[in-house]
2 protein chains.
Amino acid sequence: MGFSVKNRHRSVKVLRRGDLAKLTGCNLETIRYYENIGVMPEPPRTSKNYRAYDESHVGRLRFIMRARELGFTLDEVRDLLALVDGGVQTCGEVQGLANSHLASVRAKIDDLKRIERVLSSTVAQCTGDDVPECPVIDALTEVT
Amino acid sequence: MGFSVKNRHRSVKVLRRGDLAKLTGCNLETIRYYENIGVMPEPPRTSKNYRAYDESHVGRLRFIMRARELGFTLDEVRDLLALVDGGVQTCGEVQGLANSHLASVRAKIDDLKRIERVLSSTVAQCTGDDVPECPVIDALTEVT
DNA sequence: CCTAGGCTCTGTAGTTGGTACAGGCTCAAT
DNA sequence: ATTGAGCCTGTACCAACTACAGAGCCTAGG
């Protein structure tokens, strides 16, 4: 994985895009996408125009992927990264972002639970028979 | 709202797209979109090429909107409508669709709950102070 | 009668978060 | 020398809408 490039006196391990993808489990194309939208930095290029990543990029991509797993939007990820990169990030600022995201996660859960309640109570009334009368259709057709 | 068109011997109330939008609360453009993707039927046109809806379209659009509110995808809506339109729909068939949708709603709830747990327990460790150490950032940066 | 504004029509582009090609280079191994 | 893998770019596609431009039509007010 990766290849070495002579850099004056030492040999530096360089990661190509495919290496980064394998190391992180991220889709190959997604890496380029993240670069395009500015959440991954533009890496240096080799003489043949290949992206040359290093360990710092692995860390950055893992950060992004973890935040995405926690449901942060890419906009929110950008905000988090800006705080981290700014070097002036405070726990309070990050807490603010995380809390507002938490609120939206909770709102989504509530929405889905409401849907689940309606749907499960309606389906529970189904006979499941080969008859055309169906409580689910009735609920959707209802003239309220 | 609407306008009348002389139709041989009686006058028929015709709804324009804007009327349908107001009656159902659906966005104007969404109606055209639903027509394009085939969940709303192509309505008859007036001589001036305006869409001419009637009460049946109001019912159809409300059905779609209710199904969407219950989180059915438009593909699932299409299936439901095909069953209803087919006239041979049985309660069992509809129940099948609703149940599989219910399963995916429950899966989404579980996902979000997991996210909520991780996020809230992490945020709970924040001091909220003006210090750079932050449990949220640590969790995202963690070298596992 | 004329004009302004409001409605409608069409096609097309933007949104979010990616994914997947096509067509062309480069590189290592056979 | 050639094959295959990997990389490069731009672009198109997915859901489910939303929005806008540019044109046509219709009605009410002056």
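Note on naming: letters A, B, ... go to the chains in the order of the sequence lines (proteins, then strands), and numbering restarts at 1 for each one. Below, each value reflects all heavy atoms present in this structure, side chains not excepted, and no hydrogens, waters or symmetry copies.
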| said: Could you measure the distance from the OG1 atom of A:T24 to the NE2 atom of A:H57? Nearest 0.5 Å is fine. | reply: 12.5 Å

| query | Do A:K113 and A:E116 meet the salt-bridge criterion of a basic N to acidic O distance under 4.0 Å? | reply | no

| query | Would you call A:K22 and A:D19 a salt bridge, using N to O less than 4.0 angstrom? | reply | no

| Can you tell me how far P of C:dG17 sits from CE of A:M65, to the nearest Å? | 15 Å

| task | For B:N36 and for B:R17, find the nucleotide of DNA chain C with the closest heavy atom, then tell me which residue's nucleotide is more 5'. | result | B:R17

| said: Under 4.0 Å from OP1 or OP2 of C:dT10: is there any side-chain N or O of B:R45 that close? | reply: yes

| B:I31 has an atom CD1; how far is it from atom P of D:dA19, in whole Å? | 14 Å

| remark: The reported gap from OG1 in B:T30 to CG in B:N36 (rounded to nearest 0.5 angstrom) is 11.0 Å

| request: Rounded to the nearest angstrom, tell me the gap between atom CG in B:L61 and atom P in D:dC17. | output: 11 Å

| query | Just how far, in rounded Å, is P of C:dT16 from CZ of A:R68? | reply | 12 Å

| Between D:dC26 atom P and B:N49 atom CG, what is the distance in whole Å? | 12 Å

Might you list the N or O atoms of the protein lying below 3.5 Å from N or O atoms in nucleotides 19-22 of chain C, with each pair's distance?
{"from": "C:dT19", "atom 1": "OP2", "to": "A:T30", "atom 2": "OG1", "distance (Å)": "2.2"}
{"from": "C:dA20", "atom 1": "N7", "to": "A:E29", "atom 2": "OE1", "distance (Å)": "3.4"}
{"from": "C:dC21", "atom 1": "N4", "to": "A:E29", "atom 2": "OE1", "distance (Å)": "2.9"}

| field | No-H, no-angle donor-acceptor pair, A:Y34 side chain to C:dG18 base, under 3.5 Å | value | no

| query | Starting at OH of B:Y50 and ending at C1' of C:dT8, how long is that distance when rounded to a whole Å? | reply | 4 Å

| field | Distance, rounded to the nearest Å, where A:R16 contributes CZ and D:dC7 contributes C1' | value | 8 Å

| Close side-chain approach of A:V136 and B:Q95, heavy atoms under 4.5 Å | no

| message | Does D:dT9 have its OP1 or OP2 closer than 4.0 Å to a side-chain nitrogen or oxygen of A:R51? | response | yes

| query | Just wondering, more than 12 heavy atoms not from A:D130 lying within 6.0 Å of its CG? | reply | no

| field | salt bridge (Lys or Arg N to Asp or Glu O under 4.0 Å) partners of B:D54, counting only residues at least two apart | value | none

| Residue-level proximity of residues 69-76 of chain A to DNA chain C when a heavy atom falls under 4.0 Å | A:T73, A:L74

| task | Could you grab the distance from atom CG of A:D138 to atom SG of B:C91, nearest 0.5 Å is fine? | result | 9.0 Å

| Pairwise distance CE(B:M40) to CG(B:L81) - rounded to 0.5 angstrom | 9.5 Å

| message | Could you tell me how far apart B:K48 (NZ) and D:dT27 (P) are, to the nearest whole angstrom? | response | 11 Å

